[in-house]
2 protein chains.
Amino acid sequence: MTSPRHVRRTPAGAAAAQAIPVPVLRRMPGYLQALRQFRTEGLEWVSCTRLAGRLGLDPALARKDFTALDITGKPKTGFPVTGLIRAIESCLGWDNVRDAFLVGAGSLGRALLGYRGFREHGLNIVAAFDTDPGKIGSSLHGTQVLPLSKLAGLARRMRVAIGIIATPAAAAQEVADLMVAGGLRAIWNFAPTSLSIPPEVLVENEDLSRTLAVLSQRLQARRALELEENG
Amino acid sequence: MTSPRHVRRTPAGAAAAQAIPVPVLRRMPGYLQALRQFRTEGLEWVSCTRLAGRLGLDPALARKDFTALDITGKPKTGFPVTGLIRAIESCLGWDNVRDAFLVGAGSLGRALLGYRGFREHGLNIVAAFDTDPGKIGSSLHGTQVLPLSKLAGLARRMRVAIGIIATPAAAAQEVADLMVAGGLRAIWNFAPTSLSIPPEVLVENEDLSRTLAVLSQRLQARRALELEENG
DNA sequence: TCTTAATCGTGAAATTAAGCACGTTAAAAA
DNA sequence: TTTTTAACGTGCTTAATTTCACGATTAAGA
């Protein structure tokens with residue numbers, strides 16, 4: 001008789017299970033980064049205590065987070081470092097690379113194209129698009145810049161699933177519409193604007209000003225406090 | 001008799017009040033962006049209903065968020081657009097510009113230097129630093145690139161409070177130490193690594209891979225679901 | 001072999017955030 | 001002037017997230 005010890009939340013088998021909460025997913029890259037560091041240090045096993053300690057998290061939180069993975073730890077020993085790395089990568093879909101299109105060959109777009117690390121995050125930017133004739137035809141970090149008008153057709157033909165928007169805010173909605181038309185399934189939006197997108201297309205907004213808001217408000221509050229206490 | 005109608009959470013006056021929760025602060029830039037758009041459309045008053053609607057949020061959430069501000073709305077009318085903009089900017093400390101140092105003149109650093117919008121977010125990058133002799137002395141988007149060794153001294157002399165780390169992960173901790181030594185009060189870290197920093201220095205990590213983790217896991221989960229349902 | 005100690009997995013408690021509901025208020029309409 | 005309506009502010013409810021606590025398990029040492 002088959003005995004399912006754990007409810008699989010990851011694909012592999014069985015019914016579609018609970019969605020992994022966003023806060024959990026957002027912690028995964030941090031674990032991964034620390035684990036890779038442990039691996040280069042030659043460590044083969046690591047406990048949640050040590051791993052969470054390095055990241056400033058509660059050990060119980062790490063243990064709970066890892067219940068979303070297809071891996072289980074051993075008492076007294078912890079988790080196998082490489083096994084845990086693989087489990088996280090598999091959970092995030094970072095174990096096989098997906099092609100992506102990037103739109104906007106400005107400074108942000110160029111920076112994203114220049115970042116080699118995306119490969120390790122399951123992302124391969126295969127083409128860039130822009131409307132500026134001065135940029136079209138050039139090559140940035142080995143990636144061709146093509147006219148935006150070709151996006152939808154190429155996306156369909158190449159079965160690209162992910163689009164990255166790195167344009168000014170004013171152009172973002174138009175680009176998003178083209179991406180939807182091209183059948184892309186997920187959009188990573190760096191433009192500081194909210195997009196309207198049909199629900200079957202995933203969107204994640206990357207807005208630097210959100211983090212900056214936290215930083216600058218806290219700094220200001222701390223300043224105000226000091227002023228109040230001292231002189 | 002003095003009647004304090006509202007507890008001020010913002011500076012202005014009185015006791016140090018409750019810290020504004022991070023989720024609230026992270027929504028503020030979104031409000032701001034929508035409000036600026038409304039302003040260019042000529043709107044003078046806006047209700048939470050309409051504002052939240054544009055951003056896909058619950059109106060009550062917006063109202064609750066605005067209790068952290070030094071502004072109050074009018075029934076039937078809502079909030080004055082420019083007043084609300086000012087109140088949010090003041091809350092975040094974006095109403096007066098702060099100088100910042102940036103370390104790392106690679107592609108990410110150049111992109112950040114090239115982004116003109118930081119001025120509107122209270123941030124003015126006054127100098128960049130690097131260790132690469134090929135970059136030192138050059139000028140990027142009008143900003144001088146200086147040797148990293150000068151950071152601490154200049155930070156003290158110029159009373160710079162904010163540091164931006166845009167280096168590879170391997171160099172980040174060393175740069176952070178220099179920033180602490182230079183008396184910086186807040187660090188915006190773009191390197192994918194966790195820093196150890198004394199508690200009197202604020203740190204916010206900007207890690208693109210966190211958002212990417214959410215996007216790619218969701219995409220993968222959706223794919224798995226489709227495969228299960230259809231063929 | 002037996003004891004000790006570190007860690008796992010997990011249910012329960014606490015904390016935090018989001019959504020709802022309702023009394024109050026001000027503008028506009030009757 | 002009175003009525004109607006849209007929206008505010010806020011206490012209460014619900015949901016989500018984190019932390020605590022503890023029994024179970026396994027490696028290592030006595």
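Below, chain A is the first sequence line, B the second, and so on; all start at residue 1. From a predicted model like this one, the values you see are computed outputs, not experimental measurements.
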| request: Please figure out whether A:P23 or A:P75 has its closest DNA chain D nucleotide nearer the 5' end. | output: A:P23

| query | Starting at the 5' end of DNA chain D and moving along, which residue's nearest nucleotide shows up first, B:V46 or A:V22? | reply | B:V46

| query | Going by atom types alone, do A:T211 and B:E206 pair a side-chain donor with an acceptor below 3.5 Å? | reply | yes

| query | So, are A:E41 and A:R54 salt-bridged, with charged N and O less than 4.0 Å apart? | reply | yes

Length of the [atom1]-[atom2] vector between [X] and [N], whole Å:
| X | N | atom1 | atom2 | answer |
| --- | --- | --- | --- | --- |
| B:D65 | C:dA18 | CG | P | 8 Å |
| A:L61 | C:dT16 | CG | C1' | 14 Å |
| A:F79 | D:dA27 | CZ | P | 14 Å |
| A:K74 | C:dG9 | NZ | C1' | 16 Å |
| A:L57 | D:dT18 | CG | C1' | 11 Å |

| task | Pick out which of B:V97, B:L112, B:L113 makes a side chain to side chain contact (heavy atoms under 4.5 Å, CB included) with B:F118. | result | B:L112

| note | Taking D:dT26, D:dC20, C:dA17 as options, the one with an atom nearest any side-chain atom of A:K76 is D:dT26

Are [X] and [N] close enough that a side-chain N or O sits under 4.0 Å from OP1 or OP2?
| X | N | answer |
| --- | --- | --- |
| A:T72 | C:dG9 | yes |
| B:S47 | D:dA7 | yes |
| B:K64 | C:dA17 | no |
| B:R63 | D:dG9 | no |

| Using a cut-off of 4.0 Å on non-hydrogen atoms, how would the nucleic acid contact of B:R27 be classed: base, sugar-phosphate, or nothing? | sugar-phosphate

